[in-house]
Amino acid sequence: MQEHYSSHDIVIYSFVDCPWCIAAKSLLENTDMYMKVSVKVIELEPLQRQGKAIRAELAKQTNRTSLPSVWIGDGVPIGGYTDGSPVGRGLLALHQSGELMRLLCLDNC
């Protein structure tokens with residue numbers, strides 16, 4: 001999975017019709033401050049067995065099986081859309097607090 005992080009600022013592992021996945025993708029696609037951010041969305045269903053293997057690996061690394069699974073930088077998990085325990089606070093909370101911008105160095109860091 002490391003190859004996913006090497007050329008993208010944010011990686012989202014997603015299910016196509018998952019409401020929280022849709023919300024996470026929408027936040028990043030429709031918020032001007034993230035227009036310069038490289039976002040990679042990996043939809044797991046079309047990958048069939050490989051998608052299941054990726055989800056199992058995500059669970060090993062984060063102790064979470066829910067999606068979306070959002071990662072930033074060089075493979076730092078921040079959780080899902082509204083939750084992140086134990087690995088982060090979640091995409092929405094980081095966005096609302098401005099911390100996501102800082103973590104992505106979008107605030108002139």
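FYI, side chains are in, hydrogens and waters are out, and symmetry mates aren't considered; it's all heavy atoms of this structure.
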| request: Determine, using the 4.5 Å side-chain heavy-atom cutoff (strictly less than), whether Ile22 and Ile78 are members of one ILVMFWY cluster. | output: no
Requested in this report: Start with the C-alpha gap between Lys60 and Glu57, add the side-chain angles, then the distance that decides, and say whether side-chain contact (heavy atoms from CB on, under 4.5 Å) holds.
Outcome: CA-CA 5 Å; Lys60 283 183 191 175; Glu57 184 60 31; 3.9 Å; yes
Heavy-atom nearest pair, Val70 first then Gly80, reads CG2-O, 4.1 Å
Is there side-chain contact between His95 and Met101, with heavy atoms separated by less than 4.5 Å? no
d(Arg55 CZ, Gln50 CD) to nearest 0.5 Å is 15.0 Å
When rounded to the nearest 0.5 Å, the distance separating CD1 of Ile54 from CZ of Arg49 is 14.5 Å
Correct closest heavy-atom pair for Gly79 and Arg64 would be C-NH1, 3.5 Å
* **Any Leu58 side-chain heavy atom under 4.5 Å of Leu67 side chain** => yes
**Asked** Going through the checks in order, is the side-chain contact (heavy atoms from CB on, under 4.5 Å) test met by Trp71 and Val76?
**Response** CA-CA 5 Å; Trp71 299 62; Val76 177; 5.9 Å; no
Tightest non-hydrogen contact, residues Met35 and Glu29, listed as CE-O, 3.1 Å
Closest non-hydrogen atoms of Pro77 and Thr62, given as atom of the first, atom of the second and distance, are CB-CG2, 3.9 Å
Show your reasoning for whether side-chain contact (heavy atoms from CB on, under 4.5 Å) applies to Leu28 and Val37. CA-CA 9 Å; Leu28 295 172; Val37 174; over 6 Å; no
Atom pairs and distances, side-chain donor-acceptor, residues 14-21, under 3.5 Å, sequence neighbours left out:
residue: Ser14; atom: OG; partner: Lys25; partner atom: NZ; Å: 3.1
residue: Ser14; atom: OG; partner: Glu43; partner atom: OE1; Å: 3.0

Q: Show your reasoning for whether side-chain contact (heavy atoms from CB on, under 4.5 Å) applies to Ile12 and Ile42.
A: CA-CA 6 Å; Ile12 301 176; Ile42 300 171; over 6 Å; no
All heavy atoms of Ser38 vs all of Ser7, minimum pair found to be OG-O, 3.5 Å
Sorted by chain and residue number, the side chain to side chain contact (heavy atoms under 4.5 Å, CB included) partners of Glu99 (sequence neighbours excluded) come out as Arg89, Leu94, Ser97, Arg102, Leu103
Leu27 and Tyr34 have their tightest heavy-atom pair at O-CD1, 4.1 Å
NZ/NE/NH1/NH2 to OD/OE distance under 4.0 Å, Lys36 and Asp9
no
